Each structure stands twice: as C-alpha cells, then as structure tokens.
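Notes follow once the structure below has been shown.
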There are 4 protein chains.
Amino acid sequence: MAGVAGKQGNHVTPQALQEFLTALNEEIHERADWGEVADYIPELADVDPAQFGIAVVLAHGTVCSAGAASKGFSIQSVSKVFSLGCVLGRIGEQIWTRVGREPSGSRFDSILLLELEKGRPRNPFINAGALVVTDELLTGRTPRDALSEIIGYIRAAAGDDDIHIDKAVAQSEEKTGDRNRALANYLKSYGNLKNPADYTLGTYFHQCAIEMNCLQLANAGRCIAGLPGAPMLLSETRARRITALMLTCGHYDESGDFAFRVGLAGKSGVGGGLLMVAPDRASIAIWSPGLNETGNSRAANYAAERLAQFTGWSIFG
Amino acid sequence: MAGVAGKQGNHVTPQALQEFLTALNEEIHERADWGEVADYIPELADVDPAQFGIAVVLAHGTVCSAGAASKGFSIQSVSKVFSLGCVLGRIGEQIWTRVGREPSGSRFDSILLLELEKGRPRNPFINAGALVVTDELLTGRTPRDALSEIIGYIRAAAGDDDIHIDKAVAQSEEKTGDRNRALANYLKSYGNLKNPADYTLGTYFHQCAIEMNCLQLANAGRCIAGLPGAPMLLSETRARRITALMLTCGHYDESGDFAFRVGLAGKSGVGGGLLMVAPDRASIAIWSPGLNETGNSRAANYAAERLAQFTGWSIFG
Amino acid sequence: MAGVAGKQGNHVTPQALQEFLTALNEEIHERADWGEVADYIPELADVDPAQFGIAVVLAHGTVCSAGAASKGFSIQSVSKVFSLGCVLGRIGEQIWTRVGREPSGSRFDSILLLELEKGRPRNPFINAGALVVTDELLTGRTPRDALSEIIGYIRAAAGDDDIHIDKAVAQSEEKTGDRNRALANYLKSYGNLKNPADYTLGTYFHQCAIEMNCLQLANAGRCIAGLPGAPMLLSETRARRITALMLTCGHYDESGDFAFRVGLAGKSGVGGGLLMVAPDRASIAIWSPGLNETGNSRAANYAAERLAQFTGWSIFG
Amino acid sequence: MAGVAGKQGNHVTPQALQEFLTALNEEIHERADWGEVADYIPELADVDPAQFGIAVVLAHGTVCSAGAASKGFSIQSVSKVFSLGCVLGRIGEQIWTRVGREPSGSRFDSILLLELEKGRPRNPFINAGALVVTDELLTGRTPRDALSEIIGYIRAAAGDDDIHIDKAVAQSEEKTGDRNRALANYLKSYGNLKNPADYTLGTYFHQCAIEMNCLQLANAGRCIAGLPGAPMLLSETRARRITALMLTCGHYDESGDFAFRVGLAGKSGVGGGLLMVAPDRASIAIWSPGLNETGNSRAANYAAERLAQFTGWSIFG
C-alpha cells in the first residue's frame, strides 16, 4: 500500500486516491476488527457488522469510492448536522440562546450535565441539544412539515431526491426512545421545549431514521466542506462554524481523541455512519455498522485516520 | 478600519496586517472593555488591566505587532503547551496512559471529573493534566533540572535566551496554591503522581511563573504553527496534535465557543496571555490582563476574533 | 408560654399538651414567618400561606389539636409513606431490589444521582423512588384499582372513609409534571419501570392529589408510630423501618437537619403537610402551606421543633 | 439460641444479655463471614480478620461482653464522634457554620460533593467534615495540645486513662494520606481550613490512630447514650444531637441501610470498630476487622442487627 503523501497530499490525484480507497477497503476486511452493532432496535441489531463503504467528493465534484458506498444505512445522529444547518438558515444565531457550543465531556444521552446547567444542553450534537434544534424547527409548523424541511434540506445538499425515511426504524426508535423521552420532558420542565414532547420526539425519531448511502452523504457534506460547486445552502461563516462544532463535539466523549488522531472534523451516528470534512478539499462519508465502546464506528474511525495519513489532509496544518 | 479580507486573506500582506494591528490596538483602547485581572496573587492583582499587546509572526519570520508587544507578562497556563511539547519529545505518546485528550466541560481547576474518572485527568491543559505532564518531566531528575529543560525548550522555540522565571510570582503561587495542592495529592492517591507532591507542585508553580512578552511568545509558537523557518522542535504530526488539543481544550470551558467564533487554535493563561496558531500561516501572541468570567482574557479574545475576521484565517476552511 | 418538659415530658398530660398547642398556634400567627406557597400549579399557588393546623394523637387515641386542624390540604409527598406501606404489605422486602434506602443528598426531583446509580433511585421518598413504588403497586391491576388500594389503605389507617382525591389538583399535576415524566421515562430506559410511563405517572399524580386534614393525617400515622389501639396495618418491624426511612430521607436535602434539630421522624409534602411520629407515644400532623427554600413547610418545621422541645419527645433519648 | 425478646426486651436482664453475647460470639465464628481487612497501611492489613469482640454497658454501668472485648484496635473514624463532642463543648453550635448536618450520599473520602457545595463538608463524619472539626480544635493551640484535649476527652468519657495513640499507625496514615491531604488542601482553597494543612492533618492522623478495646469504647459511649451514671461531658440535647448525626451519617453511604436494618445509631471505623448507642439503655462497642464493600465491619454489622433483634432495642419504637 502507498506511503503517506504528507503536505503535498493536498494535491493528491483522484487516481491515487481511488487506488488508496480500494486498498483501504481490502485492508479493513482483512483486519476484520468490526466492533458491535447497536442493539437497541432490531433494524440496527440485525445489520451484518462486516460491511464497509467509503465515498470521497473532491472539489468540483470528482468522486472516489470503495466498498459498499451505495448501500443505504440509517444516518441517525449524522442528521444533527443538517438539522442544525436548517435551523441556522431559519432563525440564525438566535438558536444559541437555547443550546450551547461546548463539548460535553460525557455520553451522548447523559442527563447529568443538563441538570447541572439547568436545562440548556451543552451543544447541538448531543441528544438533548439536537432535540432543542428539532423543537425550534417545529415552531409554527406541523411535524410533517418540519420533517419535510429537514429531508428537503438534505436532498438539496446531496443533489439527490432519492433520500427517504425508513419508517420501520422510526417506529422502533419511538418504541425504545425512553431515554430521549426523558431528555425531552426534562428540557420541557426547564421551559426549553416549546412543542408537545411527543411532537418533538416524533420528528426527531424520524429525522434519525433517514436512510442514505455514502455517496449521497458525501455529496450532502460538500456545502459544509465549502467545496467549489456545492449547493449554496450555507454561508462560508456558517459552514466553518458547523465544522468547528463537528470538530469539538462530533464524536461525543471521543471528540478530542478524534481531533487528535485524525485531525479532521466529523460527525458520527450510531448506525455506523461518519460524515467528515476536509475544508476546501473534500467531503467524506464512511460507513461500517460495528461500534466501539464510545458508540462511534470502529472501522470508520480507523479508515478516517488512514485516509488523513495518506492524503495529508488536516485541519491543523 | 479595513473590511474583511475573506479567503483571499490567506495572502494578506505584512503592510496590510500591520495597519490592521495598529488600528486594532486603538480600537481595543477605545472600547475599554478590559475585564478583571486575576486577584489570587498580588503580582497579578496589581497589574493595570488597561493594557494590550499583540504580535504576529508570519511564515519565514516576518513580524507585525502593536501595543505593548514587548512588555513582559506571566505566561501561566500558556506554559502547558510547551511542557507538553517537552514531554512528547522525551517519552512520546506514552504520556497518554496518564492523561486523556478530551475536553473537560468544566473549570480549569475542577476536581469533580477527576473523581468520576478515577484520577486520570481529561487533558493536559487543565491543571490536573498539566501537573501529570510536569510530574513526568521530573522523572529521574531534580526540580531544578526539569525546570531548566522546560525553560530551555521555550528559549529554543522562541530563539531568545532572555526568558526568565519571575520568582516573586512563583513564590506567590506557592503560597496560594491550595487547590493545585489538592489536585496533586488527589492524583497521588490514585497513583498518578510519581514524585513527591511538593516537587511536582514546585516545578509547576515555577513553570507558570515564566515571564515572556508577545514577541517572544509568538516566536515560540512558530514550531506549533509549522511555519517555514521555525526551529525543529516538533515533528509535523506532533505540531498538528498539539494544535488539535489547543483547539479542543485550550480555553477551559470556553474552548468550543472559541473554536466556533474565532476558528483558530489557542491556549490562554490567567495572566491574560493567549498563544494562537493559524497552521502554516502565522503564530500569534496577544496579551491583555483583564479576564472574562471563564478566566480567559477579554480583550485578547476580542482581538483574536477580529484578527481572524480580517485575515480570513480559519482552521475550518 | 410553658417551659420545656424534658424527659419527664414523656408523661405530658393531654391538658398540658392542648394548652401548648393552642399557645403554639397563636405564636405561629404572631411570628407570621410563613414562607412561600408552591407555585407550579394554581391549586397550590392560590392557597393563603397564613394558615396553620396541628393535630396530635396520643396512645389509645386521645387527640389534641389547634388551628386549622380540620381544614383539608393536598398531602402530596406525604402519600409516599402510605404507598410504601402498601407495597411492603403486597410484596414485602422485594421492593428493595428496585429502590434503595439511602438518603440522596439532593433535591426531591434530582435526576443526577439516578444517572450515577444507573436507574435505581436511592430511596422511596424522592420522586423517582416513589414512582417505582407506585409502579410496583400497578403490577397486575389497572391504575384505577391501584389508586383504590392506596386510598383504601389510607382510609383504613385513618379510620375515616371521608378521604378523597382532589381531581383538579391531579389534573394540574398531570399538566405540569414534566420533571416527573422525565424521571419515569428515565427509569424506564433502565428497565426499572414495568408499566407504561403514563399509567404510573397518572396513578402517582392522583395519589399526590389526595386531600386530608391534620386530624385525619395524624390518625393515619398511628400505625407507623406503633400506638396502642392503631389499626393493624403494619407489623412492628415494618412500622419501625418506615420510621427509619422517614428519619433519614423524609425531608429531602434537609433530612439530616430535621433529625438533628427536631429529633423525630417526619415526612413532608409540597402542600405544606408534615406527618411526624414519636414512636409509641404520638402521631402528629402539622400543616402550613408556606415553604422554605428546601421545599418543606416553614411553620410546620418550626412547630415540630417547638413541640419536641415542649414534650421532650425524641427518638434519640 | 434464645428467641427475640421484642419490646419487653427493654427489660432484658444482664444474665440473658450475657448468655446472648456468648452465643453470638460463637455464631459469628461459625459463620466465618469476615470480609476483608483494610489494606492501605500495614498495621491494618496485618490484622487477622477472624476476630470478634463485643461489650455492652447498661444503665448504671453493668457490663456484658464476649469474645476479644479487651483486645485493642485502631478506632479510626469512631474518633470523629469524640472530636465532635470536644468541639461542641469548646465552641458550641458555631461549628455548623463550617460543616453541615446532612448525609452525603457518597463515599467517606469523596471530594465531589465538596466541589458542588463550595468547600463546606456535608457532615462531621465524612473525612472532610472531620478535618474541619479537628482544625477548629487546633485554633489557638498546638497540635500536641489539641491531641491531648481529644484523648483526654476520650479518657474522661471512658473513665480509663490507659488509652493511647498507636504511633506506628499514625505514621503509616501520614505516609498514605494523600486523599486526606487533597481534602485538606481543597478545604483550604475555599478558606475552610484555618491552620496549616500539615498541622490539621497530623492531628487528624493521630486522632484516628487511637487504640481502644471494646470495653473502653462502650464505656466512652455512655455519655452519648445518656446512661445514668455516665460522666457529665455532654448536655442531654448535645448527646441526642450527636446520636442523630450518628444515625443519619454514621456509616457513610450505608447509613440509611443501617438505620433501616438495625434501628440504632452507630459510628463505624475502618479498623473494624463500631460504637453504637441505644439511648437511655445501653452503649455498645463491637469490633471485627474485616470490612464489607462500603468500608464498614461485616461481622460487627451482623452482630449489631442480631443484638437489636434480641433486645428489641430500637430508636424507632
């Protein structure tokens, strides 16, 4: 396999990248270090962990990919990036009165800090914060309309209308969502939920149940990565700020470690998806459903680190 | 005052930058929003808050500066960046067995998380983590020698031998350092302090009492920013990783907000100093002794945001 | 007003006690240190705080009382004592697999410890623990039947069938019960709620909305105080154990202080009620709707301390 | 073995009690459920866990005992009861400005709550609270004099001058006392330690190293139990209040459980000692060095429960 490209990797060619991804896919399957799939709903528990897909969209739209890059998966928490984009477009920086911008230093569904901080979630990428974002998107419209807005935003970002909600996943989320139901009611008790908890939760469960494949997800990330040719959904400043949040808060209690090891901004989901951006250079989607103990995809994390080494892409120099 | 340079700001000229800094210094004095100086030791409490200095070192060493850029101040926690560089040079990645790489989500001197995580500090930039780093540097040598190593490292990074410890500050730290003494003994109770607590604390208090000015500090940051012409003290990977830690953990419980608003990596100190890097482009030092409620310099933070806007420099695109 | 009776107070005569209570009622009105009524539901917010009632049932049923002793109030958390008695009668000590017996060191509705202790509430007198008790009482029966059992138990204890649920209170609790809804869903996420959260919550809200007056409540406490002539609802061991829990956990984060100052076991409610027992000697009910900052009745606490001083009754000698 | 005496047990005869204790000692040795000795210092680690002693002092001084009742052991945290008695005698209720009276809901050496409550320990029986008490006793005198006062108080309470400090234990405590050193410095950082941390700690370590046997300890508890004939060291009110604190806070995070199961007030020590009072009836000392997971003596706890069952003694009726 090819050596590290270093800083000159900025100029990595599509051919070299494609060769690397093909080899990486093989390497991942050889390692077979898959982790455990999420088991709280059957739709995730029944997924074969031994799967891997990756897609990289370069500036002006060149795409390289390998493995199961066109196989759909449940994007889960990756959706939080797009609902945040949506709400920033709708009400702008006002959203920060309801949710903070600091790493949480705790699990994705922790309620502890929420009590210490009196109902204001630390950031929009932990569950409590994402619920607040979705709740804001519901203001003045029905759950159906809010969902349409979110999924419409994602379709526009991806440039692909063939993106849908997996209803079976949404229903299972609904059935097992006691912790999220606790968080929503807790937010409500602090006056930080405007809509009936069931509305906000229903919308949130459906948003998490959106199914995409790596090619679609990588395309949808172009506007965050600020790639030339991306749909104009975010101002440059907003794109950077979302990227900043992905870097500091995108991997729950493993965010610092991801920034340290990989050096790129990413947002993970419990379905095994990972959206990652190398600003101005590439939007990357990786998927492998087996998780590590922090709830992030084991193989996707490994692949992210290898890709950063190969390309020399880093936010930090 | 000049408008925003945007992405083309990457090519900001030294003249334009110098003009901007001069104007910024005036703006800061006009705003006169200085915050409160730290008051736990007389040496800091007696500093006039209405002071401001800034120095920017560009690639190949061009320097622009304004205000009190050559006035010395106590670097305090900014020293944690250099002691980390030192220890990485000495024992490499092994240090991570003793300290984590995650944002803490709490105050710089909190002991709470240390209990929940059984004596392993979350990162090297909160006090507990910095104590562990200094403790590791003491292994097999005297406090005097360890201190010599740290200060020698900083002098080499800055290319300036005229950097010294302010003994009065060190003695005052020693006198009021009960919280740090608690942290050190707490670490020891978990077996995560190898040397007598007094040795580690003494070395740490002296390291925090190093005095530098903005010009020296900005020069010392060149190797972290990966500037051409910087002393070869850190590999490219290590420089990036220290930058990653500065971004995610460099401003205590305001790190996420700094990343979001400024978009550059920085490390602050309670003396009002701020070391900031724009990878491959610039190393920046700002100083203003008045602090905000999070313990970061109020005017330095403002200046950092203005500088990032003007130059268009951002880690995130 | 009479001096302290001291240990000989064990033999305080009903006449002396009645005189004391009459004088105490006057003293309370003269002090006029009423505190603030709970304001989360209109039915409690609209209550005039300047009210006070007290009833003391001695062995063999002699009753002394003063003030508004026959005015009904919402017993709220005092009901937790009786639902615990109920569940102990039904499944015995098994209940302790689902809930602990330790003081919580935190507010009545805190969710923090619940996270640290993985869904097992610390005791049956904080809200989370009481929800578990009510949930257990629901096993195998409808909410209506479970409620009938609880209210039937209280009627039997009081020897009075004229005890009812205030439906308006129950409905208001339901409307504002977001924090309890959060707790119930949180318990469910840990598998420590057997019934649908809405069932358990509905039953709990109705149980809290039971209205009683001091005379009824003091009579209902006879079996816990182990008074001769009390209905045989609890074995001697169970009565003692409930008393132990009232002492260590009966006043939320003020339990230690109450034990220290008053020296008798009590359980308070946010409606301003206080059930207190002097084992083998008396069952006491006090009511005054104004609360202190810990959520306990300000005047009832004062009266409890004065009564203990006068009678010399103490659990501690 | 004899059946349960029930409430009439109030009138248990010395003969019956002596027979019970003799049988209990045998039962304990047959069960051989000893637990693990504390292992943080060699003086405790080297003690044979298979030992048991018990002494019961009745009103007017009748003593029953069994097992190793005259074998000395390190009283450790049991000393906190006497230092509290001392300080109450010296400055009275003022001590409560520095320390609370609430159960902690956490381990004996936890620092977590101390941070949440800004340096005011929750009660005088957790380590942080006991340090504050000892610190107060040091005010205006030397460590030697303060220690003399504490040990003099205990000798007077026990009516026995042959009570001494085990210097080897004190030295070992000093060597391994990092957690307590952390607590002391933490208190100091909040201004809640008046003397140099080393003075307070040194006094505290020596106070914990006092050696007594069960007969001495049971005699020393007479004034807390309010037994006729006890030395006049505490007013009746103070004795009751110390008893209240023993009940709510005497067994760390097992206090509620002990109150529930045993129904008497006790204070345990990591040396395996347990001082227990049945107000007006008896002062009891039990010793067995093996501990349970909460740090309380396993066999002493069992014996306490059996004794309460046999005698019918209970604080709760």
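Being a predicted model, the structure only gives us computed values, none of them experimental.
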Quick one: does NZ or CZ of [X] land under 6.0 Å from the six-membered ring centre of [Y], within 45 degrees of the ring axis?
X	Y	value
Arg120(A)	Tyr190(A)	no
Lys267(A)	Phe258(A)	no
Arg241(A)	Phe316(B)	no

_If you count heavy-atom pairs within less than 4.5 Å of chain B, which of Gly263(A), Ser255(A), Ala265(A) leads?_
Ser255(A)

*Heavy-atom pair count under 4.5 Å with chain B, highest-scoring of Leu247(A), Ile315(A), Ile224(A)*: Ile315(A)

*Pick whichever of Val277(B), Leu264(B), Asp257(B), Thr237(B) has the most heavy-atom pairs under 4.5 Å with chain A.*
Asp257(B)

*Using a cut-off of under 4.5 Å on heavy-atom pairs, state which of Cys249(B), Pro279(B), Ala244(B), Ala278(B) scores highest against chain A.*
Ala244(B)

*Is the side chain of Arg222(B) donor-acceptor paired with the backbone N or O of Ser283(B) at a distance under 3.5 Å, no angle test?*
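No.
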
*Give me the ring orientation class for Phe260(B) and Trp96(A): parallel if the planes are under 30° apart, tilted from 30 to 60°, perpendicular past 60°.*
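Phe260(B) vs Trp96(A) ring planes: perpendicular.
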
*asked:* Quick check on Leu245(B) against chain A: is it the side chain, the backbone, both or neither that has a heavy atom closer than 4.5 Å?
replied: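 It is the side chain, since no backbone atom gets that close.
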
